[in-house]
2 protein chains.
Amino acid sequence: MDTGTPRRRPMRADARRNYERLLAEAADAFAEHGTDFSLEQIARRAGVANGTLYGHFPTRRALLEALLSDRMRALAAAGEELLAHPSPLGGLTEWARAATAHAALYRGLGTAFLQAVEDETSELHAACQAVLATGDALVARARNAGEVRPDVTAMDLYALVNAAAWVSEQNSAPQGERLLEFTLTGFRT
Amino acid sequence: MDTGTPRRRPMRADARRNYERLLAEAADAFAEHGTDFSLEQIARRAGVANGTLYGHFPTRRALLEALLSDRMRALAAAGEELLAHPSPLGGLTEWARAATAHAALYRGLGTAFLQAVEDETSELHAACQAVLATGDALVARARNAGEVRPDVTAMDLYALVNAAAWVSEQNSAPQGERLLEFTLTGFRT
DNA sequence: ACCTGAACACCGTTCAAGT
DNA sequence: ACCTGAACACCGTTCAAGT
């Protein structure tokens with residue numbers, strides 16, 4: 001089977017321009033109002049008709065995926081590099097902080113990410129699985145070094161990171177970061 | 001100033017009946033579809049007109065408050081009783097589990113509760129503050145006994161409990177309960 | 001005192017018709 | 001190949017008119 005990215009033909013110039021404008025407006029709108037912001041308004045701000053948005057992005061998650069896939073790949077790559085961190089626990093902690101910051105980019109992302117990992121129909125599924133796999137490598141290394149409890153899983157870390165981002169969205173207090181620190185401590189042997 | 005509950009005059013019989021039917025339908029709908037379920041459909045199912053719902057419950061949160069205030073009072077009372085638990089940490093842990101189960105009653109509650117605690121205009125604010133105060137007493141007792149770290153606050157516990165409930169809503173894996181356990185461990189001295 | 005139902009301004013999504 | 005804009009079915013919220 002061919003799971004690779006489909007070889008995409010170059011877009012027509014006007015299509016490409018609309019595509020880019022939609023992405024730019026969506027990035028602004030999501031950053032300011034969260035991922036539930038009206039798609040109709042995004043289309044309007046981008047100066048295109050309603051249906052044009054749906055032509056490029058059939059679902060809200062497809063739009064998110066286009067917006068975030070580069071960044072998610074970078075997060076996974078950063079995790080791979082941290083496998084060379086002198087301290088397994090230090091590498092894990094550093095990556096957990098980066099992943100939390102990543103999930104806090106737009107309000108609503110924590111929800112999307114935590115759901116996407118077990119929803120195979122989600123356009124974010126593949127990217128989230130890659131992030132989870134990176135977390136797994138970091139957790140395994142720390143576990144093998146005897147620095148975290150043997151029952152800690154990558155899914156524990158993934159849920160924590162998204163929960164911490166979610167807490168930060170809901171409440172102005174620094175509870176998100178504190179949740180992250182307390183729980184990482186709880187992971188330790 | 002008079003912060004007490006306003007002395008409410010008895011409702012007209014038909015009003016009381018509509019009020020009760022709306023509450024019953026809302027409880028069902030929220031339990032099955034979460035707290036964002038359409039208010040219009042709730043009114044329809046209760047057999048009343050749109051505006052009747054708004055007459056009784058000006059906001060969605062007012063409806064939630066009517067639905068949950070007894071239960072929230074009970075949660076606070078259970079916390080007070082757990083102050084007599086032989087183990088301060090044991091009492092705290094038991095209450096944290098009860099509070100998490102409480103916040104998991106309807107999908108969306110974690111969000112509502114975490115926001116309400118710092119939003120004074122929320123109809124849920126008072127009840128959430130009472131729950132927070134109970135958590136504070138339990139945390140203080142465990143701290144004085146030297147069983148939790150001195151920097152752990154009631155707000156840490158409150159955020160954790162709602163985050164654990166939120167995680168359980170998003171994902172079928174048992175990550176919510178695990179987050180609770182790991183973090184409570186991280187609270188310990 | 002309470003209820004009704006229409007009115008208003010908004011959404012997401014689809015799809016025939018255009019270019 | 002892509003875009004437009006109308007169409008459809010839905011919302012939350014308000015408020016004049018009724019009883």
Side-chain angles (χ1 to χ4, degrees), chain A residues 6-26 29-30 32-67 106-108 111-112 115 119 121-124, chain B residues 6-26 29-30 32-67 106-108 111-112 115 119 121-124:
Chain A
R7 199 173 281 283
R8 27 180 145 235
R9 323 190 94 273
M11 288 171 92
R12 224 169 60 183
D14 58 340
R16 163 121 246 131
R17 224 195 41 228
N18 286 338
Y19 180 89
E20 301 293 357
R21 293 206 55 183
L22 282 165
L23 277 187
E25 292 300 334
F30 288 167
E32 201 167 354
H33 301 104
T35 58
D36 286 337
F37 191 77
S38 157
L39 296 179
E40 196 173 322
Q41 276 194 53
I42 290 174
R44 207 150 42 216
R45 291 179 186 192
V48 303
N50 216 338
T52 302
L53 189 154
Y54 282 88
H56 286 290
F57 310 104
T59 69
R60 174 175 244 110
R61 285 186 313 233
L63 183 49
L64 275 176
E65 200 277 336
L67 231 31
Y106 309 139
R107 262 174 295 149
T111 303
Q115 286 176 353
D119 176 6
T121 74
S122 169
E123 291 85 348
L124 292 165
Chain B
R7 199 173 281 284
R8 27 177 146 235
R9 323 192 94 271
M11 289 171 92
R12 222 168 62 182
D14 59 340
R16 163 121 245 131
R17 224 194 42 227
N18 286 338
Y19 179 90
E20 300 293 357
R21 292 206 57 181
L22 283 166
L23 277 186
E25 292 300 334
F30 288 167
E32 201 166 354
H33 302 104
T35 59
D36 287 337
F37 190 77
S38 157
L39 295 180
E40 196 171 322
Q41 276 195 52
I42 289 174
R44 207 150 43 216
R45 291 178 185 194
V48 303
N50 217 339
T52 303
L53 190 154
Y54 282 88
H56 286 290
F57 310 104
T59 70
R60 174 174 243 110
R61 285 186 313 233
L63 184 50
L64 275 176
E65 201 275 338
L67 231 31
Y106 309 139
R107 261 175 295 147
T111 304
Q115 286 177 352
D119 176 5
T121 74
S122 168
E123 291 85 348
L124 292 164

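Order of the sequence lines fixes the chain letters, A, B, ..., with proteins taken first and strands second; residue numbering starts at 1 for each chain.
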Check your understanding: Hey, mind stepping through B:Thr121 and B:Arg61 against side-chain contact (heavy atoms from CB on, under 4.5 Å) and telling me if it holds?
Key -> CA-CA 10 Å; B:Thr121 74; B:Arg61 285 186 313 233; 4.1 Å; yes

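Residue A:His56 places none of its side-chain N or O atoms closer than 4.0 Å to OP1 or OP2 of D:dC2. For D:dC2, neither phosphate oxygen OP1 nor OP2 lies less than 4.0 angstrom from any side-chain nitrogen or oxygen of A:Asn18. Phosphate contact (OP1/OP2 of D:dG12, side-chain N/O of B:Ser38, threshold under 4.0 Å): present.
For the pair B:His33 NE2 and D:dC10 P, the computed distance is 15 Å after rounding to whole Å. Distance A:Phe37 CZ to C:dG12 C1': 14 Å, rounded to the nearest Å. Remark: P of C:dC3 and CZ of B:Arg16 are 12 Å apart, rounded to the nearest angstrom. Whole-Å rounding puts the B:Gln41 CD to D:dC10 P distance at 9 Å.
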All N/O pairs under 3.5 Å across the protein-nucleotides 13-15 of chain D interface:
residue, atom, partner, partner atom, Å
D:dT13, OP2, B:Tyr54, OH, 2.9
D:dT13, O4, B:Asn50, ND2, 2.9

Mind listing the N/O atom pairs, protein and nucleotides 16-19 of chain D, below 3.5 Å?
none

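Checked for salt-bridge contact, B:Glu40 and B:Arg44 meet the test: a charged N lies under 4.0 Å from a carboxylate O. At a threshold of 4.0 Å, the pair B:Glu20-B:Arg16 counts as salt-bridged, since one of the basic side-chain nitrogens sits closer than that to a carboxylate oxygen.
Put simply, the side chain of B:Arg107 never gets that close to the backbone of B:Thr35: no donor and acceptor are under 3.5 Å apart. A:Arg21 places no side-chain N or O within donor-acceptor distance of the main-chain N or O of A:Gly47, the cut-off being under 3.5 Å.
When the options B:Leu67, B:Leu23, B:Leu64, B:Leu39 are evaluated for a side-chain contact (heavy atoms from CB on, under 4.5 Å) with B:Phe57, the one that passes is B:Leu23.
Rounding to the nearest 0.5 Å gives a distance of 11.5 Å between CE of A:Met11 and CZ of A:Arg17. The distance from atom CD1 of B:Ile42 to atom CG of B:Leu63, rounded to the nearest 0.5 Å, is 6.0 Å.
If you check D:dC3, C:dG5, D:dC11 against the side chain of B:Arg44, the one that comes closest is D:dC11. The side chain of A:Val48 lies closest to D:dT4 when the candidates are D:dC11, C:dG12, D:dT4.
Side-chain contact of B:Glu123 with B:Thr59: a donor-acceptor pair under 3.5 Å is present, judged by distance alone.
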**Study point:** Intra- and interstrand pairs of DNA chain C - dot-bracket, Watson-Crick/G-U under 3.5 Å, | marks other strand
**Key:** ||.|||||...|||||.||

